[in-house]
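We count ligands from 1, going down the list as the structure has it; atoms in each ligand are counted the same way. By convention here, the first residue in the shown sequence is residue 1.
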Amino acid sequence: MEVHLEPGHPSPCPIEPIGVIHTCFKEKFGIPRQPNLAAKAPGMLEFFPEFSRQEAVRGLEQFSHIWLIFLFHRAVKKEGGWSPMVRPPRLGGNKKIGVFASRSPFRPNPIGMSCVRLERVEITAKGPVLHLTGVDILDQTPVLDIKPYLPYSDRVDTARDGFAPAPGPGACEVSFSSTAATQILERQKTFPNLMSIITQVLENDPRPGYSSTHCSNMEKDFGPEKTEENRLYGIRLFDFDLKWQAAGNKIQVIRLDTA
Ligand code: SAM
């Protein structure tokens, strides 16, 4: 279908990133599947020079939450473009639904939208910086736009929630080895709220296509004779590699390695 633009209308798609978001998530694995699931997960939005104007954010500090519109810049399209159906992790990774019924990064236009908490607007010598929490976004993601969240309009109390009535099949129980606990308390001097951030990330069970209900009655404990439970997972967070193991819906943080 041809789109007819008014004469004098600028190019059909004058879209360019206004800035970049820095987050604690250095790889896709482990990033929460939606915003606010890890409420303490921090992000910092910096504007590119052309958009780094104090007056452009005037009034934004009056809002507690903002919408971020961003590019899924690490969602690599399959050969031949996009796929009309996707397998959301929350359906166990084996059931397909339409891409437009999903929040998948793999879509015809790889655009994401997240409502996150605006902690504060800092005005630096280089321009404004937005300090955010509750992000579900990869580090270095290009941001296309920012808009205030308007509860009177954006909140829909009577909304139907389709196949996604809750964040997942159930929260995992997270514990820490004594090595990990000591390391985290030390690293918290540099990365505030680290214990909470790690707990929130793992409570949401980052394992791909895994439903903790499948295993919830296995009553397994961590032990050297187990196989799947011995698998050591790694998530790159901040400047370290978080190592953890899982048994059913129990997750134990083993240690923090240097990334
Ligand atoms: N809240 C957004 C939305 O609904 O558009 C994102 C939801 S999407 C399901 C969240 C996942 O996108 C994260 O768990 C992570 O795996 C992935 N992701 C985040 N930032 C990305 C990026 N820049 N490129 C590719 N994938 C990204």
#### Entry: Set of residues that line ligand 1, where lining means a heavy atom lies under 4.0 Å from it
K28, I31, P32, R33, Q34, P35, L71, F72, H73, R74, A75, R103, P105, G112, M113, S114, D136, I137, L138, T141
Would you give me the side-chain donor-acceptor pairs under 3.5 Å for residues 92-100, sequence neighbours excluded?
none

### Task
Answer yes or no: does atom NZ of K26 have more than 12 heavy-atom neighbours from other residues, nucleotides or ligands under 6.0 Å?
yes
### Query
Of L202, V201, L194, which meets side chain to side chain contact (heavy atoms under 4.5 Å, CB included) against L242?
L202
### Message
Considering only residues two or more places apart or on different chains, which pairs with a residue in residues 160-169 satisfy salt bridge (charged side-chain N to carboxylate O under 4.0 Å, His left out)?
### Response
none
### Query
Using 30° and 60° as the class limits, which term best fits the ring planes of Y149 and H65: parallel, tilted or perpendicular?
perpendicular
Would you list the atom pairs, donor with acceptor, under 3.5 Å between side chains in residues 54-61 and any protein atom, with sequence neighbours excluded?
residue	atom	partner	partner atom	Å
E55	OE2	R53	NE	2.9
E55	OE2	R53	NH2	2.8
E61	OE1	G59	N	3.1

